[in-house]
Amino acid sequence: MQNKETFGSKFAIIAAMAGSAIGLGNIWRFPYVIGENGGAAFIIIYIAASLFLSIPIFIAEFTIGRRSGANCFGALNTLAPHKSWKFTGMLCIITPTIILSYYSVVGGWSIEYLFQALTLQFLNPSENVAGSFEAFICAPAAPLVTFLIFLALTCLIVAGGLHKGIEKFSKIAIPVLFFLILGLAVYSFTIKGGAEGIRYLVSPDFSKLTPRSFANAIGQSFYSISLGMGIIITYSSYVSKDDNMFMSGLGTAGFDLIFALLAGFAIMPAVFAAGIGPGSGPGLIFDTLPFIFSDMCKSAPILGSIVGITFFLTVTIAALTSSVSLLEVPVAWMIEEKHVKRSSAIAIVFVIVAILGSASALAYGPLKNITISGYGIFDAVDIFCCNFLLPLGGLLCVIFVGWVMKKSDVEDEFTSGGKYGFNSRIFPFVYFLERFLAPLAIGIIVLANFF
Ligand code: PHE
């Protein structure tokens, strides 16, 4: 695969990978999880989990992708001595396709709220905001329409191909995202009564650290860096041999963490100042915050509107940079293995995801009576993917690199053929993590989730 397209620059690689990493997980889960698990105390174990588990798995996926220069399926097919690894390749294509189906539903919600903010509906809270999230997601058609709009936008970006689509978009989106979230965080520091929110995030409370905190740290870091679903394999198949994969891993995880912390600083002071308990998930972004923005609009209409627009623009762009990376996985597979044109591949995946995602989009409305083990469709798909498919995919990839690939090949990739001396020195340690610690830790999580 010598003549395959590659990313144009180091920044393009990190922008695309950080774009995938930075998403809803950073905005709606991380701030809450740190607060609940002892603030700065949790940040320390989160960084440790990222360094000792997530980055080695990132490196394992990177090794598979760049060594083969192929999409997930082609990669394992090329590198594996035994054909049963084809299953892992297929898993890494199916998982992101399913995730894309419900991630785009949430992307659709953020488009709806961006629209509400832009049309100044937060100025009139009684009619438009109170209880409106509930009403919106239960509606028969609106969530479906916004889901399809978001999915179409994702397709449009990916249709541009690696350079004119993914790379160009990520190189603009990442700086814009940091600029927006920084602006929001700075503003948040000035909110009266917001200090409590900052304290919630940073004051270290080691007594809140429980064994669950460690599992939370691993799970959050894993999901946030977009591991276990073929994204890093696919993106790194577009990376040239001389890129330093260790630095790409550190860069991606670093940007991801900084963004997550800034999101916490942007959100929690406002939440505490409003006297509302911190929460997480859709309720935090689409219920609590719109309420706060419209409350803000009562005394300061212009400021409240600007903050609302900025926030939902951030959420929408962050969701798009992630959905683009999800879509590229099955699309790359179809182009390379099935030899279809990019546009046809996108059209086919669009139809499949539109059908799958419709069930999630309507899960709170017309389909609310359909449940799977007690969960609605949307939640069931989310739980199945995050608790089971993702860790399983990550586990199989790291086992593949640690136990199936030749050690000399893994080292050759990690050091870019001996080009990076520092990588050569830390290789034994990284290899140890890939062979033992990472499979053990992720294996325990897969089993624990399963039972
Ligand atoms: N890493 C993304 C986030 O933090 C989540 C994601 C999941 C991205 C699936 C791509 C695919 O939100």
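In this text the structure is predicted, and so the values were computed from the model without any measurement. For ligands, and for the atoms within them, numbers begin at 1 and follow the listed sequence.
Under the rule for a salt bridge (Lys or Arg N to Asp or Glu O under 4.0 Å), Lys208 has no partner lying at least two apart in sequence or in another chain.
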Which atom pairs, nitrogen or oxygen on both sides, join ligand 1 and the protein at under 3.5 angstrom?
unit_1	atom_1	unit_2	atom_2	d
ligand 1	1 (N)	Ser20	O	3.3
ligand 1	1 (N)	Ala21	O	2.9
ligand 1	1 (N)	Tyr223	O	3.1
ligand 1	1 (N)	Ser224	O	2.9
ligand 1	1 (N)	Ser226	OG	3.1
ligand 1	4 (O)	Ala21	O	3.0
ligand 1	4 (O)	Gly25	N	3.4
ligand 1	4 (O)	Asn26	OD1	3.0
ligand 1	12 (O)	Leu24	N	2.9
ligand 1	12 (O)	Gly25	N	2.7
ligand 1	12 (O)	Tyr103	OH	3.1

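Taking the six-membered ring for Trp and the full ring otherwise, the centers of Tyr235 and Phe62 sit at least 6.0 Å from each other. Side-chain rings of Trp109 and Phe312 stay apart, their centers remaining 6.0 Å or farther from each other.
Atom NZ of Lys168 is surrounded by 12 or fewer heavy atoms from other residues, nucleotides or ligands within 6.0 Å. For Met90, the CE atom counts as densely surrounded, since its 6.0 Å shell holds more than 12 non-hydrogen atoms of other residues, nucleotides or ligands.
When each of Ile348, Thr154, Ile98, Leu151 is paired with Val353, the side-chain contact (heavy atoms from CB on, under 4.5 Å) condition holds for Leu151 and for no other.
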